[in-house]
Student: 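Would you mind keeping the following structure in view while I ask a few things?
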Amino acid sequence: MPDVILRSARVVTPDGLVEGDVAIADGMIESVGSDIGSADTEIECDGAWVGPAFVDLHTHLREPGQEWKEDIASGSRAAAAGGFGAIVAMPNTTPPIDAAHVARFVSDRGAEVGLVDVI
């Protein structure tokens, strides 16, 4: 049984746009279509588009070094709110992301925040 059903959505699929319901179980899409049953949580989408998350390949996170401008947590929140599932940090920080230990810090900090994948 799904945990959540998105009702009356326009779903972006590899085969094109499909109008119907989306059943989600354990955080994964279980099925797309009509007559997919019921769930404790049902959200009426009224034709809103449902699709895969975006990836931002040019993200200016200013951590490490200039966190008052943007840090990984605030950048992750902004990305998630905009429909992004992953962001790639530009290396123009102070210090620059030009060594493995700094890149690992950015990646680990992104995982700690846990909203989007930070690369």
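Treat the numbers as computed from the prediction; the structure is a model and nothing was measured.
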Student: May I have the step-by-step check of side chain to side chain contact (heavy atoms under 4.5 Å, CB included) for Val118 and Val113, ending in yes or no?
Tutor: CA-CA 9 Å; Val118 178; Val113 171; over 6 Å; no
Student: When you check the side-chain N and O atoms of Glu44 and Ser8, is any donor under 3.5 Å from an acceptor?
Tutor: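 Indeed, the side chains of Glu44 and Ser8 share at least one donor-acceptor pair under 3.5 Å.
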Student: Test Gln66 against every option in Asp71, Thr94, Asn92 by the side chain to side chain contact (heavy atoms under 4.5 Å, CB included) rule and name the one that passes.
Tutor: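 Single pass found, and it is Thr94.
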Student: Please determine whether residues Val18 and Val22 belong to a single hydrophobic cluster, defined as Ile, Leu, Val, Met, Phe, Trp and Tyr linked transitively by side-chain heavy-atom distances below 4.5 Å.
Tutor: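 In one cluster: yes.
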Student: Report yes or no: does Glu70 contribute a side-chain atom to a donor-acceptor pair with the main-chain N or O of Trp68 at less than 3.5 Å?
Tutor: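 No; judged by distance alone, with no hydrogens or angles, the pair does not exist.
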Student: What about Ile43 and Val32, same hydrophobic cluster or not, with Ile/Leu/Val/Met/Phe/Trp/Tyr joined at side-chain heavy-atom distances under 4.5 Å?
Tutor: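 Ile43 and Val32: one cluster.
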Student: Measure the spacing between OG of Ser74 and CZ of Arg62 and express it to the nearest 0.5 Å.
Tutor: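 CZ of Arg62 is found 11.5 Å from OG of Ser74.
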Student: Just to verify, which of Thr41, Ile29, Ile24 counts as forming a side chain to side chain contact (heavy atoms under 4.5 Å, CB included) with Leu6?
Tutor: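 For Leu6, the side chain to side chain contact (heavy atoms under 4.5 Å, CB included) check succeeds only for Ile24.
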Student: Leu17 versus Val12: any side-chain heavy-atom pair under 4.5 Å?
Tutor: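 SC-SC contact between Leu17 and Val12 confirmed.
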Student: In terms of heavy-atom contacts, does CE of Met1 have more than 12 from other residues, nucleotides or ligands at under 6.0 Å?
Tutor: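 Counting neighbours around CE of Met1, more than 12 heavy atoms of other residues, nucleotides or ligands fall under 6.0 Å, so yes.
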Student: Is the backbone of Leu61 close enough, under 3.5 Å, to the side chain of Thr59 for a donor and an acceptor to pair up by distance?
Tutor: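 No: the side chain of Thr59 does not pair with the backbone of Leu61.
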Student: Is there side-chain contact between Asp26 and Asp3, with heavy atoms separated by less than 4.5 Å?
Tutor: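 Answer yes - side chains close enough.
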